[in-house]
Amino acid sequence: MTDWIGIGGLDARGATQFRVLQCIRDAGEISRTDIARALDSSPATVTAACGALLESGLICEVERAPSDTVQRGRPRIMLRINGGAFHVAGMKIARQAILVMIVDSQGEEIGTYTSPLAESQMPAEVLVGEVRKALEAACQSCNLPMTSIAGLTLGLPGFLNGSTGFMHWSSSVTERNVDFAPLFRRNLPCPTFLDNDANLVAKAEHLFGAGRGLRNFLVVTVEHGVGMGIVLDGELYRGERGCGAEFGHTKVQIEGAVCQCGQRGCLEAYVGDYAMVRDAATGRQGHGPTSIPEILEAARTGDTLCQDVLERASQFLGVALANLVNLFDPEHIVLARSRPPFGPPYPEIMLEALRRNTVQVDAPLPEITVRNLDESMWAKGAAAHGIEMVSILKIRAQGVVDAA
Ligand SMILES: [Zn+2]
């Protein structure tokens with residue numbers, strides 16, 4: 001049996017249970033009648049699905065006093081997620097640390113933990129060892145036994161297939177083409193899943209942030225590299241091989257600057273942190289700035305090389321965002337970055353490039369939110385993904401019990 005399943009791994013009955021579970025999760029607390037109404041499903045189908053979910057311990061019943069005169073005297077039986085059903089851990093593999101968040105099955109945060117990394121790039125096997133160490137330390141700091149963690153999702157930058165666990169390339173890993181599934185099975189105590197980190201931020205924004213209630217929006221992350229998560233029609237879009245949405249590696253210059261992926265002219269080879277630090281040091285006598293805050297400070301005090309680097313990055317990002325608007329026509333773009341904000345004149349340079357290059361129609365541009373990337377959003381999105389995957393595993397296991 002493989003742990004690598006998605007909703008596609010469920011049979012028809014399991015898929016109905018999963019839809020009912022999501023409906024209960026969205027509502028917080030809801031009656032069977034209201035679930036049937038919301039899903040346009042028959043009461044018998046909903047009752048059967050709720051029975052199975054109650055048996056697997058994923059949901060529980062609560063009695064509420066009657067809220068209206070029609071039901072006077074009869075308590076209403078409501079359903080909610082059973083927060084004590086299991087715990088999951090979400091992790092973001094960052095450059096200098098692994099960020100861990102442990103949540104319960106309701107998504108309530110139990111605790112967070114940061115496990116430092118000595119290297120920003122390492123062999124896959126070593127990385128999985130670091131993940132195990134981070135999990136152990138996080139459990140210890142939350143006073144939880146490791147056995148209470150029912151699942152773990154890792155967010156990694158790069159090209160990877162979240163439904164198989166196959167990684168084509170990542171800036172965090174020294175090898176290319178790694179099948180993580182057997183490595184996880186050998187080294188980690190619970191089912192472990194993998195997804196692109198920008199996809200997980202999009203998931204967190206959709207569930208908890210600026211994307212709440214939106215059907216079509218994009219999240220662009222700008223840090224060491226540039227990532228993107230696409231939500232279309234309320235669903236995360238992953239592409240056929242699970243490696244679409246590589247906005248950072250869209251080409252903005254023929255035979256342009258060298259990118260960390262090995263190709264030339266990629267967007268992130270101009271706007272990623274590593275590219276800006278590299279460009280700010282080129283053609284300079286003596287030491288140049290070695291970080292984004294130093295580049296910003298040098299530009300502010302009149303360093304023209306740093307000013308040029310910031311101006312060019314802002315222009316490239318504006319043009320690239322215009323391409324996104326032209327392609328997707330989203331309701332909203334969240335531009336999330338971990339670096340300090342670029343002060344004037346750079347945001348205006350970016351917006352001007354965006355306006356100039358967007359196809360003109362008689363409708364306003366999508367809303368664009370520029371915000372500091374709340375570090376916890378990465379791990380929070382990973383934890384939300386873990387809850388979904390563990391729920392699917394439990395629904396599937398209950399189906400096997402029922403069939404026997
Ligand atoms: Zn690239």
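Quick note: numbers below take in every heavy atom, side chains included, and nothing from hydrogens, waters or symmetry partners. Note that ligands are numbered from 1 as they come in the structure, with each ligand's atoms numbered from 1 the same way. Values in this document were obtained by computation on a predicted structure and should not be read as measured data.
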Practice problem: Tell me how many protein N, O or S atoms are closer than 2.8 Å to the Zn ion (ligand 1). | Solution: 4

Quiz item: Would you call Asp303 and Arg284 a salt bridge, taking side-chain N to carboxylate O under 4.0 Å as the test?
Solution: yes

Exercise. Any ring-ring contact (aromatic ring centres under 6.0 Å, His included) involving residues 328-364? Give me the pairs, sequence neighbours left out, ordered by first then second residue.
Key: none

Name every donor-acceptor pair, under 3.5 Å, that has one atom in a side chain of residues 109-127 and the other anywhere in the protein, sequence neighbours excluded.
| residue | atom | partner | partner atom | Å |
| --- | --- | --- | --- | --- |
| Ser120 | OG | Arg95 | NH2 | 3.2 |
| Gln121 | NE2 | Ser171 | O | 3.4 |

Self-check item: Pairs touching residues 279-321 that satisfy ring-ring contact (aromatic ring centres under 6.0 Å, His included), sequence neighbours left out
Solution: Tyr270-Phe316

Quiz item: Taking everything shown except Glu352 itself, do over 12 heavy atoms lie less than 6.0 Å from its CD?
Solution: yes

Quiz item: Around atom CZ of Arg339, are there more than 12 heavy atoms of other residues, nucleotides or ligands at under 6.0 Å?
Solution: yes

